[in-house]
**Q** 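Have a look at this one before I ask anything.
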2 protein chains.
Amino acid sequence: MSLKHAILGFLSYKSLSGYDLKKAFDKSVRHFWSANQSQIYRTLAQMTDEGLVEREVVEREERLDMKIYSITNTGRSELHNWLTTPLPERETREPFLIQIFFGGTLSDEELLKLLHHESKSAKENLLAYHAIYQATTAPRVGESSTDARSFFFSLLTLEYGMESNRALLKWLNSAIERIEVKNYSPKALK
Amino acid sequence: MSLKHAILGFLSYKSLSGYDLKKAFDKSVRHFWSANQSQIYRTLAQMTDEGLVEREVVEREERLDMKIYSITNTGRSELHNWLTTPLPERETREPFLIQIFFGGTLSDEELLKLLHHESKSAKENLLAYHAIYQATTAPRVGESSTDARSFFFSLLTLEYGMESNRALLKWLNSAIERIEVKNYSPKALK
DNA sequence: CTGTCCATGTAAGGCGTTACATGATTGT
DNA sequence: ACAATCATGTAACGCCTTACATGGACAG
């Protein structure tokens with residue numbers, strides 16, 4: 001279960017509340033793993049039961065209690081174990097390809113509309129990733145340069161997003177082109 | 001809900017039983033949308049209630065009844081409507097990237113092991129897609145060439161699989177290379 | 001005085017997986 | 001004799017989403 005391990009990952013750096021974790025997800029891994037708030041709270045409760053994390057209740061007069069979660073030794077070894085074990089292959093689920101697969105019943109115009117729509121959002125995503133990459137790698141003044149190696153791995157996940165969007169765009173363009181000239185014959189493969 | 005619409009897609013060609021549908025999924029769309037048997041039966045029951053499909057019970061002496069599902073007019077218009085409506089953007093979920101993101105705590109060796117593992121399966125997938133492509137596009141004797149345009153769309157879904165695997169491989173190779181030479185600096189983007 | 005941020009959760013429902021159950025027919 | 005194929009489903013559980021509920025602090 002990946003969410004659990006992502007949470008352990010964040011807590012291995014620093015103890016956090018559920019709320020902090022939500023922010024951490026949104027800020028850093030949302031582009032390949034989003035988590036919603038209620039799911040985080042539920043999972044934390046579960047992880048507490050399993051002894052992977054410990055909770056410390058911070059009472060604040062007049063305000064809601066805050067619960068700070070810390071990783072336990074069990075949690076740490078579980079994390080390390082998960083991080084170093086190759087995952088089973090996962091099945092892709094691309095609803096968009098279902099539309100394409102059954103595209104035979106649609107007109108060229110209808111299909112091109114779909115493809116262009118997809119292309120637009122792929123381009124936007126690519127640009128967004130690019131911008132984040134530029135922004136985060138820009139040399140900053142007065143900021144403690146966190147461990148360069150750790151930073152490198154977070155950049156790698158961004159590069160993945162760019163690379164896969166580029167591939168998507170390439171595929172979309174090739175499809176659009178062929179539909180436009182009504183060439184429905186297979187591609188010659190090398 | 002994509003499963004529902006994929007089922008409608010298959011039924012728009014031909015009336016089928018739940019069992020037939022399972023085979024249809026496994027044979028043609030499994031590489032981007034897998035469905036398991038119990039899910040298909042449950043969804044068919046639901047779709048019958050919604051009036052998207054109709055069931056005809058075929059009694060066979062000595063054997064289990066067979067239920068053949070046909071698409072209704074409501075089903076057809078629902079399908080067409082879904083096929084022509086761009087889907088909301090979906091969030092990627094790549095557990096593998098969680099491992100990379102928190103890779104800072106792992107050794108280079110541990111990380112390379114993960115990356116090579118992923119690379120191996122990407123290569124295998126690519127080869128498999130290639131082989132299917134070759135096999136299905138090879139000129140055959142005495143086979144009714146189904147509609148070339150419809151066939152083209154099914155090929156497109158395969159091409160997508162190849163393109164995205166190529167991108168994955170490219171990314172993996174770049175990551176592996178940089179880790180091997182211990183160059184953890186950001187890439188210069190164009 | 002309205003909205004956003006901080007901070008916690010519960011409830012309900014959808015989608016998907018795994019395991020279980022049944023039983024005849026056909027192929028090796 | 002045994003396995004695979006044909007053909008149907010139920011039960012239970014896990015993960016994720018959406019909506020709901022609460023309430024103080026602080027900024028515009």
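Note that the structure is predicted; figures quoted are calculated from it, not measured. All heavy atoms count here, side chains included; hydrogens, waters and symmetry mates do not.
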**Q** For C:dT8 and A:Tyr41 - does any side-chain N or O of the residue sit under 4.0 Å from the phosphate oxygens OP1/OP2?
**A** yes
**Q** Between B:Glu78 and B:His5, do the side chains contain a donor N or O and an acceptor N or O under 3.5 Å apart?
**A** yes
**Q** CG of B:Leu16 versus C1' of D:dA7: gap in Å, rounded?
**A** 14 Å
**Q** Can you see if the side chain of B:Asn36 gets near the phosphate of C:dT17 - specifically, an N or O under 4.0 Å from OP1 or OP2?
**A** yes
**Q** Check the distance between C:dG16's C1' and A:Glu91's CD and give it to me in whole angstrom.
**A** 11 Å
**Q** Starting at NZ of A:Lys67, measure out to OH of A:Tyr41 and round the result to the nearest 0.5 Å.
**A** 9.0 Å
**Q** Nearest to the A:Trp33 side chain among C:dT17, D:dC16, C:dC15, which nucleotide is it?
**A** D:dC16
**Q** Could a donor-acceptor pair under 3.5 angstrom be found where the side chain of B:Gln37 meets the base of D:dT8?
**A** yes
**Q** Would you kindly check whether a donor in the side chain of B:Arg42 faces an acceptor in the base of C:dT17, or vice versa, at under 3.5 angstrom?
**A** yes
**Q** Is it the case that D:dT18 (base atoms only) and A:Ser38 (side chain only) share a donor and an acceptor within less than 3.5 Å, ignoring hydrogens and angles?
**A** yes
**Q** With rounding to the nearest 0.5 Å, note down the distance linking CZ in B:Phe153 to CD in B:Glu159.
**A** 11.5 Å
**Q** Side chain of A:Lys23, heavy atoms from C-beta onward: which of D:dT17, C:dC6, C:dT18 has the nearest atom to it?
**A** C:dC6
**Q** Taking atom C1' of C:dC6 as reference, at what distance in whole Å does atom CG of A:Leu21 sit?
**A** 15 Å
**Q** Can you tell me if the side-chain N/O atoms of A:Ser17 get under 4.0 Å from OP1 or OP2 in C:dT8?
**A** yes
**Q** Can you work out whether B:Tyr69 or A:Leu3 has the more 5'-proximal nearest nucleotide on DNA chain D?
**A** B:Tyr69
**Q** Does a side chain donor of either B:Tyr184 or A:Asp147 reach within less than 3.5 Å of an acceptor in the other side chain?
**A** no
**Q** What is the distance, rounded to the nearest whole Å, between atom CD1 of B:Ile40 and atom P of C:dG16?
**A** 11 Å
**Q** Atom CE of B:Met1 to atom C1' of D:dT18: distance rounded to whole Å?
**A** 17 Å
**Q** Would you kindly give the CG-to-C1' distance between B:Asp26 and D:dC6, to the nearest whole Å?
**A** 14 Å
**Q** Whether A:Arg93 contacts C:dT17 is assessed here as follows: a side-chain N or O lying under 4.0 Å from the phosphate OP1 or OP2. Is that the case?
**A** yes
**Q** Find the distance A:Tyr19:OH to C:dG9:P and express it as a whole number of Å.
**A** 14 Å
**Q** Check whether any side-chain N or O of B:Asn165 sits under 3.5 Å from a backbone N or O of B:Gly161 as a donor-acceptor pair, and report yes or no.
**A** yes
**Q** Could you tell me how far apart A:Glu56 (CD) and C:dT8 (P) are, to the nearest whole angstrom?
**A** 13 Å
**Q** Base of C:dT8, side chain of A:Arg55 - is there a donor-acceptor contact under 3.5 Å?
**A** no
